[in-house]
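Taking it in order: structure first as structure tokens, then the write-up.
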Protein chains: 2
Amino acid sequence: MNIREFSSRTGISAHTLRYYEKIGLLRHIHRLPNGHRDFTEKDLHWVTFVQRLKDTGMPLEQIHRYADLREMGDTTLAERQRLLEAHARNLRESLRQQQRHLDSLEDKIALYRSAIKRGRFP
Amino acid sequence: MNIREFSSRTGISAHTLRYYEKIGLLRHIHRLPNGHRDFTEKDLHWVTFVQRLKDTGMPLEQIHRYADLREMGDTTLAERQRLLEAHARNLRESLRQQQRHLDSLEDKIALYRSAIKRGRFP
DNA sequence: ACTTGACTTAGAGTCAACTCGAACCCTTAG
DNA sequence: CTAAGGGTTCGAGTTGACTCTAAGTCAAGT
């Protein structure tokens, strides 16, 4: 598929897709004879995974590292697993922290609610 | 307390604290006769709240807006409440999304685990 | 034949949120 | 008296992740 369709399927702008290729997050993108990119389902699958890593706060540089490992073949399976496990641990910790923040915000909102009901600030 | 102690109590660098004052996140910071900032417990409380908003993804500009409302007194209570409630809703949604991402990552890690056990990739 | 529009590249510009540097002022210890 | 160490201001520089521009190619439609 062309960059337009790939862009609309992934929600990533064509500009950003080219940028991702330039910095090495996307590799071996097939080209048509006219030089246009021709993305595959496999590319879609990889990009979806990249988005997941990115959305959970992994910097592009570390995703790049993962892409490197992937490129090196099955001898790096264990290292990729370690990388993902470390990331999952961070994510779990971050979720706990965000939950604490949310609880605390909800407490504050409850204070606002009762302050407004009583017509003044606590 | 001086900027050094305030910095170490909040975990925010002195540089950043001055920056926060410059952009209006910190206001009415008391000064000693020599011009040095003299932070109070109230400042600490406010900064802690600002950190919570920031850590849960609120842009500084919106925190600034909240600071404006706060400055305007009790007539803005309802609006501040709405602002916090909208933020809490976003945060709950983001937590759900992050949890889905985590589940998906854990699935992938499980695949790695079994691939490594079998000595090859799925 | 020409225009339209999707694509290409290299490289510059933007934005949020810091982060740092330079030049300077005060107070206190030796 | 002076040097160290903490503070001050203003403004410039950095970082990560885009985002856009300019100049060009190419294929299809009128």
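Lettering follows sequence order; numbering is per chain, from 1.
Rounding to whole angstrom units, CD of residue A:Glu21 and P of D:dA17 are separated by 19 Å. Look at CD1 on B:Ile63: it is 11 Å from C1' on C:dA17, rounded to the nearest Å. As a whole-Å value, the separation of A:Gln62 CD from D:dG16 C1' is 14 Å. Atoms CG (B:Leu25) and P (C:dC18) sit 9 Å apart, rounded to a whole Å. For A:His36 and C:dT9, the NE2 to C1' distance is 12 Å, given to the nearest whole Å. In this structure, A:Arg31 places its CZ atom 14 Å from C1' of C:dA6, rounding to the nearest Å. Here D:dG5 presents its C1' atom at 17 Å from CD of B:Glu5, a figure rounded to the nearest Å. B:Arg18 places its CZ atom 12 Å from the P atom of C:dC20, with the value rounded to the nearest Å.
One finds a side-chain N or O of B:Tyr20 lying less than 4.0 angstrom from the OP1 or OP2 phosphate oxygen of C:dC18. Here A:Arg4 does not reach the OP1 or OP2 of C:dT8: none of its side-chain N or O atoms lies under 4.0 Å away.
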Assess whether salt bridge (Lys or Arg N to Asp or Glu O under 4.0 Å) is satisfied between A:Glu106 and A:Arg113, documenting all intermediate values. CA-CA 10 Å; A:Glu106 283 172 340; A:Arg113 230 186 289 284; over 6 Å; no
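Within the nucleic acid shown, B:Ile3 comes within 4.0 Å of sugar-phosphate atoms alone, with no base atom in reach, counting heavy atoms only. Residue contacts shown for B:Arg37 are limited to sugar-phosphate atoms, with no base heavy atom under 4.0 Å away. Heavy atoms of A:Lys22 sit under 4.0 angstrom from at least one base atom.
Judged by distance alone, the side chains of B:Thr40 and B:Asp43 do bring a donor and an acceptor atom under 3.5 Å apart.
In this structure, the side chain of B:His64 engages the main chain of B:Ile23 through a donor-acceptor pair within 3.5 Å.
Ring geometry, A:Phe49 versus A:Tyr66: the interplanar angle falls from 30° to 60°, so the pair is classed tilted.
For the pair B:Met58 and A:Asn2, both in contact range of DNA chain C, the more 5′-proximal nearest nucleotide belongs to A:Asn2. Remark on DNA chain C: of its neighbouring residues B:Asn34 and B:Pro59, the 5'-side contact belongs to B:Pro59, judged by nearest-heavy-atom nucleotide.
Each of B:Val47, B:Ile3, B:Asn2 was compared with B:Phe39 under the side-chain contact (heavy atoms from CB on, under 4.5 Å) criterion, and only B:Ile3 meets it.
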